[in-house]
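Shown next, in structure tokens, is the structure this report addresses.
In what follows, every chain begins at residue 1, and chains take the letters A, B, ... in the order their sequences are listed. Values below: all heavy atoms of this structure, side chains included; hydrogens, waters and symmetry mates excluded.
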Amino acid sequence: MPNITLPDGKKLSFDEKVTGKQIVEKISKSLAKEALIMSVDGNLKDLSFEIEKDSKVKILTSKDDDGLDTIRHDTAHILAMAVQELFPGTQVTIGPTIENGFYYDFARKEPFTESDLKKIETKMSEIVDRNETTYREVWERDKAITHFKKMGENYKAEIIQDIPKGEEISIYFHGKWHDLCRGPHLPSTGRIGKHFKLTKVAGAYWRGDSKNEMLQRIYGTSWASKKDLEDYLKRLEEAEKRDHRKLGKEMNLFHFREESPGAVFWHEKGWNLFQKLVNYMRKKQQVAGYKEINTPEILDRSLWEKSGHWEKFGTHMYTSQTPDEKIFAVKPMNCPGCVQVFNQGLKSYRDLPLKMSEFGKVHRYEPSGALHGLLRVRAFTQDDAHIFCTEDQITEQSLSITNLILEIYKDLGFENVILKYSDRPDLRVGSDAVWDKSEKALLEAVKETKLDYSINKGEGAFYGPKIEFVLRDAIGRDWQCGTLQVDLNLPERLGASYVEKDGSKKVPVMLHRALFGSLERFIGILIENYSGKLPFWICPLQTVVIPVSDEFDEYSKKVNKQLIDAGFSSEVDLKNHNLNYKIRDHSLSKVPILLICGKKEVDSNSVTIRRLDSNKQENIELKKFITIHQALNKAPSL
RNA sequence: GCCCUUGUAGCUCAGCUGGUAGAGCAAUUGAUUUGUAAUCAAUAGGUCCGCGGUUCGAAUCCGUGCGGGGGCACCA
């Protein structure tokens, strides 16, 4: 005789066990139409689930996250049904929901093509129209394994084998088609609607392990309404428009070419942007007490052997052989070089903490499939620093690094930052005692920041635990940028030491830290975050002076020179094109301010300014323009 | 690295089932002298990614290498 409590506190009582369907019919007809699944005492269940004891029940529709998620899950099932109807012999594996959609991995010899996706979508619509009823059965483990093996579904059989003993093995049926699944599911296939789309085919390793065979994954998206689907596809299109590879080309910032995959050819404007960022960081680091150094790009193999890189990182390192057959490695990290600078001359405890920064260009032989524009390259510049300190200083130094990083992100318009803390990986150097100590100190610093953080087990660097700084951009994407790593191994390996108060020698602790991480990656992120419309102070081309006709070329040149002298990145456009053409041209290349010069301006020693994305005209005295904009020509915090 | 896909002018792209390439923009030259998002005309521009094969004939078909894109794995 279950008593059912609804979210609004209302109670319904029944004489015998009751299903969600029966409950919802009692609540309202309109809700009955919308109902997809239900939550019973916090557990998601099918509407056909029979409730036997007193429970709190919430009926879920497509407006609830869990409801929408179930729609996606059902769409994945229907995808698998459709594929097996169209391509008999295809094995199903897993088909979970993901952000905004779902995927399903299949095992089949022949590849799926883009045109197959269309066919599959049509078949899926048919299945929705058939409105097959969903029902659930619980099977014995052995029966399930034998059954799926007999069907030729070896992957499913393997999955069932791995389900922990004692857990129910539930099989969901949509008509005749059935799949092992935890559920819950919608009452029938008609309920998912037709607001879905298959988006891409891709390879994916069975169980996510590159040692296993590769399956074929079909990705799709599914929504509660046609409008939601359209909005989502629009969002994808918008994101594509901000792609830094497209904008980089349009804005003439950089390019890539076959001779050096994953390495950037910076053009004048891109390099100007790059230098502006570097100069900005130099200033910030000076204020924070860093000393900038620079170390060689190519170092003898023996140093990398001593540091441990040769062994742990060798497959990612470029090496070079000299004519006399010596082997040098191109640095993949700056740390060994920096330790050698520390090692030069005697250091005292009074020198600590010693903060040495370096804009070091490193090379890493990344797997070809990992490369992605500026965001994943093989040659990049780190805004690196190494802080030599005592164990007692780790937490305090970590905090000051964190503050510096947050300040810098804020200057560039990123205020939404989360931390990821990673501890010891399987492949590592150093004793467990040393790891214990460094993990503890770093975690303490993480907690001190009071920022949100997550813990990633086993994802630390091979030489120490780390914090990663993840920032969220204008369209909600997360990017890992800054990093802070404790290193209790390398200083010892390379024989670093300082003289203690009592005259004894001690090995310092080293903190590795990068602010943006890679300048290249950060520039990619910046471009996408701002859709190319960068903040004025880092804009590689801030102003373009445009004469109304060639009669005013001389005046325009004079204006341009004054702007350059005043520290702006400026150009004058003397091409034989009309004003409209030039405004369009420079607007498309995202120049923030255009200065138009004609008779009126010459007469009053002024300029008429037009800002990007505005057609307002504003006449202003040149001197005044310069004063106002000079104040804007630096980072907010400087 | 693995799976799928792709590579034509500086850029964006067209070129059906094999018959030695075409547009728009950009560039150059000339005309035009322009007041807030494309002035007009002419000219020039290609080892159709490289290599090999099939064929009387290959941008087109096949093989292979390299690069790009989407994923997977990787992100030390």
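The list of salt bridge (charged side-chain N to carboxylate O under 4.0 Å, His left out) pairs with a residue in residues 298-311 of chain A, not counting sequence neighbours, reads A:R301-A:E305. Applying the side chain to side chain donor-acceptor pair (under 3.5 Å) rule to pairs touching residues 89-99 of chain A yields A:D69-A:T97, sequence neighbours excluded. Sorted by first and then second residue, the salt bridge (charged side-chain N to carboxylate O under 4.0 Å, His left out) pairs involving residues 367-378 of chain A (not counting sequence neighbours) are A:E366-A:R376. Among residues at least two apart or in separate chains, salt bridge (charged side-chain N to carboxylate O under 4.0 Å, His left out) pairs with a member in residues 606-625 of chain A are A:K533-A:D613. Applying the side chain to side chain donor-acceptor pair (under 3.5 Å) definition to pairs two or more places apart or across chains, those involving residues 579-595 of chain A are A:D573-A:H586.
Near-neighbour residues of RNA chain B inside residues 590-599 of chain A, defined by a heavy atom below 4.0 Å, number-ordered: A:I596, A:G598, A:K599.
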query: What is the per-nucleotide protein-contact pattern of nucleotides 27-33 of chain B, from the 5' end, where B denotes a base atom under 4.0 Å from a protein heavy atom, S denotes such proximity for sugar-phosphate atoms only, and - denotes neither?
result: ----BBB
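Listed candidates were B:rC74, B:rA37, B:rC3. Nearest to the side chain of A:A370 is B:rC74. The nucleotide whose nearest atom lies closest to any side-chain atom of A:R217 is, among B:rC72, B:rG69, B:rC4, B:rC72.
For A:S368 and B:rG1, the shortest distance from a side-chain N or O to OP1 or OP2 is below 4.0 Å. Residue A:R610 places at least one side-chain N or O closer than 4.0 Å to OP1 or OP2 of B:rA37.
Partners of A:F469 according to the ring-ring contact (aromatic ring centres under 6.0 Å, His included) rule, which considers only residues two or more places apart in sequence or in another chain, do not exist here. Scanning for salt bridge (Lys or Arg N to Asp or Glu O under 4.0 Å) contacts around A:E153 gives an empty result, with sequence neighbours left out. When the side-chain contact (heavy atoms from CB on, under 4.5 Å) test is applied to A:D384, the partners found at least two apart in sequence or on another chain are A:N334, A:Q382, A:H386. A:Y232 pairs by the ring-ring contact (aromatic ring centres under 6.0 Å, His included) definition with A:W223, not counting sequence neighbours.
Mapped onto RNA chain B by nearest heavy atom, A:Q216 and A:K616 fall at different nucleotides, with A:Q216 at the one closer to the 5' end.
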Atom pairs under 3.5 Å, N or O on each side, protein against nucleotides 5-16 of chain B: can you list them with distances?
{"unit_1": "B:rU12", "atom_1": "OP1", "unit_2": "A:K249", "atom_2": "NZ", "d": "2.9"}

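Straight-line distance between the C1' atoms of B:rU8 and B:rA23: roughly 13 Å, to the nearest whole Å. Using C1' as the reference atom, B:rC66 and B:rG52 are 15 Å apart when rounded to the nearest Å.
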